[in-house]
Chemist: 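For reference, the structure I am asking about is given below.
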2 protein chains.
Amino acid sequence: MATSGPGTRPTTIYSVAQLAGVSIATVSRVLQGTGATSPQIRAQVLQAVEDLEYVPRRSARSLAVQRHDAQGLVVHDLTGPYYSELLMGYESAAAKFGQSVIIVVTGQREDPEWAVRELASRVDGLVLANSTLPDDEARALGRRTPVVMLARTAVPGCDSVSAENAQSARELTEHLIAHGRRRLFFVGDPEGSPDVQERYRGFTEALSSSDASEVGPAIRVDFREHSGAEVAAQVMGHVNGPDALVCANDELALSTMKALQRGGVKVPDDIAIVGWDDVMTARYVSPGLTTVRQPLFELGRLAATRLHERIAGAPVAPEPRILPTELVLRSSCGCPETDDRDVPWVTS
Amino acid sequence: MATSGPGTRPTTIYSVAQLAGVSIATVSRVLQGTGATSPQIRAQVLQAVEDLEYVPRRSARSLAVQRHDAQGLVVHDLTGPYYSELLMGYESAAAKFGQSVIIVVTGQREDPEWAVRELASRVDGLVLANSTLPDDEARALGRRTPVVMLARTAVPGCDSVSAENAQSARELTEHLIAHGRRRLFFVGDPEGSPDVQERYRGFTEALSSSDASEVGPAIRVDFREHSGAEVAAQVMGHVNGPDALVCANDELALSTMKALQRGGVKVPDDIAIVGWDDVMTARYVSPGLTTVRQPLFELGRLAATRLHERIAGAPVAPEPRILPTELVLRSSCGCPETDDRDVPWVTS
DNA sequence: TGCAGGCTTGTAAGCGCTTACATAGACGGA
DNA sequence: TCCGTCTATGTAAGCGCTTACAAGCCTGCA
């Protein structure tokens, strides 16, 4: 029974109070459940609320209680499977705390810093993913509002959650060496993101602590799919090229693999290829792509949870929280064809 | 030079006014650019704003101007590549209008309707994707605030944007018939979403206007990857099984294809398979998956734009806005191996 | 010199909600 | 019967911002 049509004044706490024959304070108390109220009055108020389809204005409440019940999530882009799952985890945790999430994608913004400041004024705290804001800006923000860093180098005064990178890179590299590979190259630009930087670090560490080969410079390309052709061309041009490629992510690994295969290179016989993220395609291509699975949903959830705690008054955690990752061995590294555990097309 | 530390009172328009030696009205006018201000005063104010790192409280402004400069986006889940791109398009358009976007994922909510009502109280309008709220609830919402329906059957009083489905389904089906296929089955549950319902309609229309075969019932399974094995088992059980499968989306098509291949069925020789969405995997598998590409980014952008117009006062569009889709022919339908236009691993 | 009229700035009244405090009954014990 | 106490409700003061309106100042013209 909405009495509010176009032109009618919107229903406020005053309309409800009037209809229920009580004061606005009483309405507020009934709705908040704060303060004692007689069952009689409560019923009247709730009835009026229902009749008018009353929903309190968020902005008025925020102004009064100095709280938004909302968290901000700032990411650079949303492409790839990476973010949808992260976002799911984030949103689901935030929902449990009764928090809304406002999302800002800085990638295409003309003025990211302004966007984030603006965001900060409508939330109780924010999560900053990598490649969104420079560290000093982040730190400044962290002084005024709770901030959690996501998959990015720790900043003093801010919490930090991320997935483990260097260790898995080391394992992956050692695994390739165990397969007899000796000329390993890293593909992707370590400057591009802290994640990749860590992966590159793990890669070089594993390499230099073995007698496999000298550590060559990384093949610096953009992380996106279109770089594959470029990498393949570069690799096939070598006289004594690599026999293994550690790629910064799966998109890069997959497109490189395809381009090499089209060029007549055999994977993994001639060149082994591995990546990061375990995207859906990784288990559909042939050979299956060996990669590293990140707990993305969990990462999102953790970020939301930590931010919520901070908003509730918890102190900044002294240590960054780092989630373990998991090697997924398929056959692009030289392992025998997968036995199909955990692939969805097999009934178990 | 943030003078605000923990414990200090937060900076408000009053602090700025005081520091600049003017009234709060003047500060507001300078910041809004409304009303004439002398260059002298303006400079003082801006200086103070900078010194204090002042950002106006959003809630106070919203309360005063009765506007949030925010849009709500309600989706059922975020899995798959579908939503990340849609979201990118949405966010980028909204950003251009100076709008924030607050996102609610109803999938795991205990009370979606409450969540959406709550959302409605902190935004100027909302976009409702399919499978989020029942129609009557949506319509009720549409009476009180601008609402745009996304990829969902039109609701009177609400705008509606979606991608074309029936037509492409018809084309896809006719294409398979032209390949000589005669026993075509649809895979996926038409009840599951309006999109799929439309696709099924196109499928049956094409079939009944040809002399290919009778229209069999759809193989009703969940849209997710794990259904592939089930479909394959069902299909291989037939004595005179299908020679073509039109799957409701790519995930289903891909997992079914894999499962069939593992069962010794040749694609496309024994059975042709097609899907919808053109996910990344579709161009990496062998044979390449014939599918339908939807303009997701554009769809997101359109939804944001339409909502913005509605918020600005435009009337509800009488007709739903339907974006065209595009057939992507690869070889799972029986076409010869793709010539690799538009695949990223080929330098052009 | 006086005053109309155009600028610039200040004053103050909201916007809708929460909440500290005041107030009015109801009840029980002295 | 009176008063202290407790409970249920109302009153009113904000929260930080915008904006209609008032007020002051300066310019230029009669």
Side-chain angles (χ1 to χ4, degrees), chain A residues 4 8-46 48-49 52-70 117-118 120-124 144-145, chain B residues 4 8-46 48-49 52-70 117-118 120-124 144-145:
Chain A
S4 68
T8 320
R9 286 193 62 69
T11 92
T12 68
I13 199 172
Y14 292 96
S15 357
V16 176
Q18 188 171 22
L19 181 58
V22 299
S23 76
I24 58 165
T26 301
V27 175
S28 180
R29 277 188 289 253
V30 169
L31 259 29
Q32 303 302 315
T34 62
T37 46
S38 70
Q40 149 84 326
I41 289 281
R42 196 175 321 138
Q44 283 175 40
V45 168
L46 292 176
V49 164
L52 297 170
E53 293 187 343
Y54 170 68
V55 181
R57 298 278 187 295
R58 210 52 224 208
S59 47
R61 169 161 231 274
S62 296
L63 183 55
V65 301
Q66 302 281 69
R67 187 162 35 81
H68 296 90
D69 292 321
R117 278 170 172 237
E118 211 285 331
S121 82
R122 46 168 93 225
V123 295
D124 300 316
R144 292 187 286 143
T145 185
Chain B
S4 68
T8 321
R9 286 192 63 67
T11 91
T12 68
I13 198 171
Y14 292 95
S15 357
V16 176
Q18 187 170 24
L19 181 58
V22 300
S23 77
I24 59 166
T26 301
V27 175
S28 179
R29 276 188 290 253
V30 168
L31 259 30
Q32 303 301 315
T34 63
T37 46
S38 70
Q40 151 83 326
I41 290 282
R42 195 175 322 140
Q44 283 175 41
V45 169
L46 292 177
V49 165
L52 297 170
E53 293 187 343
Y54 170 67
V55 180
R57 298 280 186 293
R58 212 49 227 211
S59 47
R61 168 161 232 275
S62 295
L63 183 56
V65 303
Q66 301 281 72
R67 187 163 32 82
H68 302 273
D69 292 321
R117 276 169 175 240
E118 213 284 332
S121 82
R122 48 167 91 224
V123 296
D124 300 316
R144 292 188 285 144
T145 185

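Numbers restart at 1 for each chain; the letters A, B, ... are given by sequence-line order, proteins then strands. In this text the structure is predicted, and so the values were computed from the model without any measurement.
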Chemist: Quick one: list whatever passes side-chain contact (heavy atoms from CB on, under 4.5 Å) with B/Q32, sequence neighbours left out.
Modeler: B/S28, B/T34, B/R61
Chemist: Which one of B/T12, B/L19, B/I13 satisfies the side chain to side chain contact (heavy atoms under 4.5 Å, CB included) criterion with B/S15?
Modeler: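 Passing option: B/T12.
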Chemist: Rounded to whole angstrom units, what separation is found between the CG atom of A/L63 and the P atom of C/dT19?
Modeler: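 Atom-to-atom, A/L63 to C/dT19, this comes out as 12 Å.
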Chemist: Could you tell me the separation between the CZ atom of B/R122 and the C1' atom of C/dG16, rounded to a whole number of Å?
Modeler: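 One finds 15 Å between C1' of C/dG16 and CZ of B/R122, rounded.
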Chemist: For the helix from C/dT1-D/dA30 to C/dA30-D/dT1, what angle lies between the axis at the first five pairs and the axis at the last five pairs, to 10 degrees?
Modeler: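 Computed angle between terminal axes is 70°.
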Chemist: Calculate the interatomic distance between A/R61 atom CZ and D/dG16 atom C1'; express it in whole Å.
Modeler: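 Distance check: A/R61 CZ to D/dG16 C1' gives 17 Å.
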Chemist: Answer with yes or no whether the side chains of B/D124 and B/H68 bring together a donor and an acceptor at under 3.5 Å.
Modeler: no
Chemist: Does D/dG16 have its OP1 or OP2 closer than 4.0 Å to a side-chain nitrogen or oxygen of A/Q66?
Modeler: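 Yes, within the criterion.
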Chemist: Could you pull out all residues at least two apart from A/R58 that satisfy salt bridge (charged side-chain N to carboxylate O under 4.0 Å, His left out)?
Modeler: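 Once residues adjacent in sequence are excluded, the partners of A/R58 under the salt bridge (charged side-chain N to carboxylate O under 4.0 Å, His left out) criterion are A/D69, B/E118.
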Chemist: Give the rounded distance in Å between these two atoms: CZ of A/R57 and P of C/dC15.
Modeler: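 Value for this atom pair: 11 Å.
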Chemist: Identify the two heavy atoms, one from B/Q44 and one from B/A20, that lie closest to each other, and give their separation to 0.1 Å.
Modeler: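 Closest approach of B/Q44 to B/A20: OE1-O, 2.8 Å.
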Chemist: What's the shortest heavy-atom distance between B/S121 and A/V55, and which atoms?
Modeler: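 Smallest heavy-atom distance, with atoms named: CB-CG1, 3.9 Å.
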Chemist: Roughly how many Å is it from NE2 in A/H68 to P in D/dC17, rounded to a whole number?
Modeler: 11 Å
Chemist: In whole angstrom, give the distance that lies between atom CD of B/Q32 and atom C1' of D/dT19.
Modeler: 10 Å
Chemist: Let me know the distance between CG of A/L31 and P of C/dG16, rounded to the nearest Å.
Modeler: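 Going from A/L31 (CG) to C/dG16 (P), I get 16 Å.
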Chemist: Encode nucleotides 7-13 of chain C as B, S and - characters from 5' to 3', where the letter depends on protein heavy atoms closer than 4.0 Å: B to the base, S only to sugar-phosphate, - to neither.
Modeler: -SBBB--
Chemist: State which residues pass side-chain contact (heavy atoms from CB on, under 4.5 Å) with A/A64; sequence neighbours excluded, sorted by chain then number.
Modeler: none
Chemist: Can a side chain N or O of B/S28 be found less than 4.0 Å away from OP1 or OP2 on D/dT18?
Modeler: yes
Chemist: Of the non-hydrogen atoms in A/V45 and A/V16, which two are nearest, and what is the gap between them?
Modeler: O-CG1, 4.3 Å
Chemist: For B/R29, what residues pass the side chain to side chain donor-acceptor pair (under 3.5 Å) criterion, not counting sequence neighbours?
Modeler: none
Chemist: Please give, in whole Å, the distance from C/dT19 C1' to A/I13 CD1?
Modeler: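 Checked: the CD1 to C1' distance equals 11 Å.
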